Amino acid sequence: MSMDMTFLGTGSAYPSPHRGASALVLRTDGECWLFDCGEGTQTQLMKSQLRAGRITKIFISHLHGDHLFGLPGLLCTVSLNSNADPQQNLNCVELYGPRGLRKFLRVTLGLSGSQLLFPYAVHELEPTTDQCPEEGQLSQELTADSGPLHPQEQPGRTIPLDVISDSYLLLEDKKFIVKAFRLFHRIPSFGFCIQEHDRPGRLKTELLKELGLKPGPQYGRLKAGESIVLENGRLVLPSEVLEETIPGRKVCILGDCTSVLGKEPLRMCSGADVLVHEATLGNEHRERAMEHGHSTPAMAAAVARACCARRLVLYHFSQRYKPNSLQKDGEEDVSELKRQAEEELQDGRVEVILAEDFMTVPIPLRRQKS
């Protein structure tokens, strides 16, 4: 199964001619999951090789505008480009985000009279009081989803923190398990861990031939983990004829933050194939970055090192850092952010990548355990 991520916006605060606001797409076998949706995301999608109509799930890290303001417009544009045939059953778009996201969509879609051709459901994460300063905590009154559902809205779940795992279980299917975890920012912010399930190892075809089995349905049953009984009555277990399990890939995407809360999320992200972390300002601006709830390259690298991540992708840059191709003499060098992260990592075991708009990062299959 192919997997890659495409960055649609890598800038902070607002979209500019040089960088779009925060948005990235994780693509697996044609299905697209969108993480954050800053203003202008739908335009960035149109400029990319991705199709907005393939988006089935949307994850919002926090409710700051540069991660959220593009959402109502994107949903409306996807609807306009959908098939209006009432006989067609369109899939429900699932949205996940902090408490308040449900109300935000009801108000914006309701006041604008926006009708969608597909259903949607919002699943809200209950934040905790230690995720932000007191002035950043959003009251129940402000975020309550009172009132009727939008005509195309289906009831969503309210997801509390599991205090044992220190995480939020968002979904689990045959391919993935997705959890969220808490970050510290100016308002409640979250990170997401996407874990692919392990895949069964290759069949030991020579052994199967020795047992008298020919390629066919029984091969498939063994590959799926079922035991079979041969004509001579011999029970064949999958563990006998399958090579070592191939571990699934892991992608971790963090919203705006100065730190990860707790140790369990770091264990959850351990060994991530890709860790996406903001680096809004350079190390020399650490105090200012933290004052605004953000991180520097060294801070991002420290998280990557604690997680033993394979690759660290930096994004969410201040608009002062233009892409290398547009940088002029005397302007702040975005490549310096990469150097600062690499300096913090020192041993070079973690590859550091600077994200740019429309960059696609492939996430190859892991190799079998030796």
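Predicted, not measured: the structure shown is a model, and the values here were computed from it.
Between Phe104 and Phe69, the ring planes lie parallel to each other; the angle is under 30°, not in the 30° to 60° tilted range.
Evaluation of the side-chain contact (heavy atoms from CB on, under 4.5 Å) rule for Pro151 yields Gln115 as partners, not counting sequence neighbours. For the side-chain contact (heavy atoms from CB on, under 4.5 Å) test, residues two or more places apart in sequence or in another chain that qualify with Lys103 are Val107.
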Audit row: Glu94, Lys57, salt bridge (charged side-chain N to carboxylate O under 4.0 Å, His left out) steps and yes/no
CA-CA 5 Å; Glu94 308 280 343; Lys57 294 177 176 58; over 6 Å; no

Derivation and outcome, ring pair (Phe, Tyr, Trp, His ring centres under 6.0 Å), residues Phe190 and Tyr168:
CA-CA 10 Å; Phe190 296 89; Tyr168 303 77; 5.4 Å; yes

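When atom types are taken as modelled, the side chain of Asp66 and the backbone of Tyr14 share no donor-acceptor pair closer than 3.5 angstrom. The backbone N or O of Ile187 sits nowhere less than 3.5 Å from a side-chain atom of His185 that would complete a donor-acceptor pair.
Ionic pairing of Asp256 and Arg186 is not present here: no N-O contact between side-chain nitrogen and carboxylate oxygen is shorter than 4.0 angstrom. Ion pairing between a basic and an acidic side chain is recognised when a charged N comes within 4.0 Å of a carboxylate O; Arg339 and Glu336 show such pairing.
For Arg286, the CZ atom sits in a loose shell: 12 or fewer heavy atoms of surrounding residues, nucleotides or ligands are nearer than 6.0 Å. Heavy-atom neighbours of Leu80 CG from other residues, nucleotides or ligands within 6.0 Å: above the threshold of 12.
Note: His294 and His292 fail the aromatic proximity criterion, with ring centroids not under 6.0 Å apart.
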Acceptor/donor pairs from residues 169-179 side chains to any protein atom, 3.5 angstrom cut, sequence neighbours excluded:
| from | atom 1 | to | atom 2 | distance (Å) |
| --- | --- | --- | --- | --- |
| Asp173 | OD1 | Lys175 | N | 2.8 |
| Asp173 | OD1 | Phe176 | N | 2.7 |

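When all heavy atoms of Ser12 and Thr280 are compared, the closest pair comes out as OG-CG2, 3.9 Å.
Side-chain contact check for Asp166 versus Arg182: some heavy-atom pair is nearer than 4.5 Å.
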